[in-house]
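Some notes on the structure that comes next.
Counting convention: from 1, in listed order, for ligands and their atoms alike.
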Amino acid sequence: MFASSNLVEMPYDSLSAFARALRDAGELVTIDAPVDPYLEIAEITDRVVKAGGPALLFSNVVGSAYPVLTNQFGSARRMAMALGARTLAEVEDRIRSAIDLSIPDSPLGKVGKLLSLSSLRNAIPKTVTSAHSQDVVETEPDLRTLPVLTTWPLDGGPFVTLPLVFTRDPQTKKQNVGMYRVQVYDERSTGMHWQKHKQGRAHAEKWGARIPVAIVIGADPAITYAATAPLPPIVDEMALAGFLRGAPVPLVRCKTIDMLVPASAEFVLEGYVDNTDLRTEGPFGDHTGVYSLADQYPTFHLQCLTRRAAPIYGATVVGKPPMEDAWLGKATERIFLPLLQMVVPEITEYNLPVEGGFHNLVLVAVKKSYPGHAKKVMNALWGIGHMMMLTRTIVVVDHDVDVHDVRSVVWNALNNVDPSRDLVIMPGPVDDLDHSDSFRMSVGHKLGIDATRKTADEGYAREWPPEILMDRATRERVTARWREFGLGDLAATGIPDDYSGQGPRRLARLLASPSKPDA
Ligand SMILES: Cc1cc2nc3c(=O)[nH]c(=O)nc-3n(C[C@H](O)[C@H](O)[C@H](O)COP(=O)(O)O)c2cc1C
């Protein structure tokens, strides 16, 4: 179904369409046995995610008429499919060619350039007047009819785990969408867990007490991804979604509030957040692998629910990594690398290991060209808006280190780091979920580790020791005679030519194949 070029042939016009595509690709299993949204769906999903299994469509959910889809993004292949590509590397290439500002010098290059520029047209959403998301309009809605999951035993209640929360800036009228979990309190009210540094929260502060909010549950997967992407406020998530899906996002006006939401939505909850109605939200088994503790958050009041005639309820289960959201994070890693390189071009590659929950650890490779360069890169990352500003630990290695081979990063760091010279402790904002500071929330300290090889111009007065490598002639001789040694295939191919203590290039394999994040 995908074009051989980088352009997307066919966007999904709904979550249901994506579910069908997953089923046709052998990437979805339907479970007809009755399952309880209280813990049971989470336990099944957790096992399947960690085993690298398929998306799951639960058709018979106790207490609800609606089917539940989990693990739609849970592999490299499904994440790429969600963005209309075969691999995540292909998505990265698409971004790279769209933002490449150089002028091609060959006729073929010029055609390619025009094609990639024309794909930017898709970034402009279009407004439609009728939509399946409004097949049914419920003016007396009851959230208890939805199959909202309780995912972990100590959770404060059921949570909508994959919600797209739409808000609007009251002054500029610009809309934002972010994914902020929604705890269901009763038939008409929920929590609104927008954290301190998030755009929805910034909008809320401008509105004052009452903020119009629309919460979409289930949409075209490119739109769902875009809600999680760390975009600066000036970039509309619907523009990114349109670019990624290869067609403008159709938006429809809500029935009771002045807000445009994706026409492809399965469910839309229309209402308002009351900033003065603070209630206890949480605890919640979070993507850090620990519970985020209960705290005071404002309340969302539901006024109207619109939905498709036969909607699917989209959910995810977060918890101890690796979980499904690892792949949303890996998509962000790939999509944002070309953008990051526009600002910090000395970055050659980076890896956000899933165990770091995407804000605890970044491993970054740089082409160093002046003393203190690694420290400049750390500061640049902490200084770049939303995406990296909360990063707890940044490890900088030389450009020839494969940052996707974590063992090799550790080996380099342990060999190269002198703590008094190479550690940077930086005070500043940290993620609301960071529990490591004993006293304060959302502010603390971050760690930078310069694990690059030190040079004479950085004041290193000794000779940096060479790495241990066998010479090529000996390796070739041993390979040629391998059969004589009676060791079968064991190590027959030897260490690849480009091996220099940095390990094989895992990234290409990882991103090109449907495998577990830590495979
Ligand atoms: C599954 C999932 C759940 C998330 N839950 C929350 C949440 O409850 N609160 C929050 O502030 N951010 C949450 N995030 C992160 C935000 O969606 C992310 O930071 C996004 O870029 C915010 O958009 P904004 O910059 O427009 O606010 C979640 C992300 C994912 C993938």
Expected list for residues 252-261: side-chain donor-acceptor pairs under 3.5 angstrom, two or more places apart:
| residue | atom | partner | partner atom | Å |
| --- | --- | --- | --- | --- |
| R253 | NH1 | D258 | OD1 | 2.6 |
| T256 | OG1 | E270 | OE1 | 2.6 |

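- Counting heavy atoms under 4.0 Å from ligand 1, residue P233 does not touch it at all.
- Applying the side chain to side chain donor-acceptor pair (under 3.5 Å) test to every pair with at least one member in residues 209-227, sequence neighbours left out, gives these pairs: D220-R245, Y225-T332.
- When each atom of ligand 1 is checked for a heavy atom of G178 under 4.0 Å away, the hits are 23 (O).
- Checked against the 6.0 Å centroid threshold, Y291 and F284 do not count as a close aromatic pair.
- Ranked by closest heavy atom to atom 18 (C) of ligand 1, the top entry among T228, L162, V165 is T228.
- For D432, no heavy-atom contact with ligand 1 is shorter than 4.0 Å.
- At least one N/O-N/O distance between N176 and ligand 1 falls below 3.5 Å.
- Looking only at distances, no side-chain donor or acceptor of K330 sits under 3.5 Å from a matching main-chain atom of N351.
- Within ligand 1, counting atoms from 1 as listed, the ones closer than 4.0 Å to a heavy atom of P230 are 21 (O).
- Heavy-atom minimum distance, S189 versus R279: OG-NH1, 3.2 Å.
- Residue contacts with ligand 1 leave out A202, since none of its heavy atoms falls under 4.0 Å from the ligand.
- Taking a cut-off of under 4.0 Å to the non-hydrogen atoms of V177, the atoms of ligand 1 that pass are 26 (O).
- Listed by number with element, the atoms of ligand 1 under 4.0 angstrom from any heavy atom of E237 are 26 (O).
- In K320, the NZ atom is not crowded: 12 or fewer heavy atoms of neighbouring residues, nucleotides or ligands sit closer than 6.0 Å.
- Polar contact check, A229 against ligand 1: a nitrogen or oxygen pair lies under 3.5 Å apart.
- Other residues, nucleotides and ligands place more than 12 heavy atoms under 6.0 Å from the CD1 atom of I99.
- Counting only distance, with no hydrogens or angles, the side chain of T150 and the backbone of L39 share no donor-acceptor pair below 3.5 Å.
- Of all protein heavy atoms, the one lying nearest to atom 24 (P) of ligand 1 is Y180 OH, 3.6 Å.
- No part of H287 comes within 4.0 Å of ligand 1, judged by heavy-atom distances.
- The protein heavy-atom contact nearest to atom 25 (O) of ligand 1 is H386 NE2, 3.1 Å.
- Note on ring orientation: taking the six-membered ring where Trp is involved, the planes of W194 and Y180 are perpendicular (angle over 60°, cut-offs 30° and 60°).
- Ranked by closest heavy atom to atom 19 (O) of ligand 1, the top entry among K198, H193, Q199, H203 is K198.
- Remark: R181 CZ to H193 NE2 distance equals 3.5 Å, nearest 0.5 Å.
- Taking any N or O of M179, backbone or side chain, at least one lies under 3.5 Å from an N or O belonging to ligand 1.
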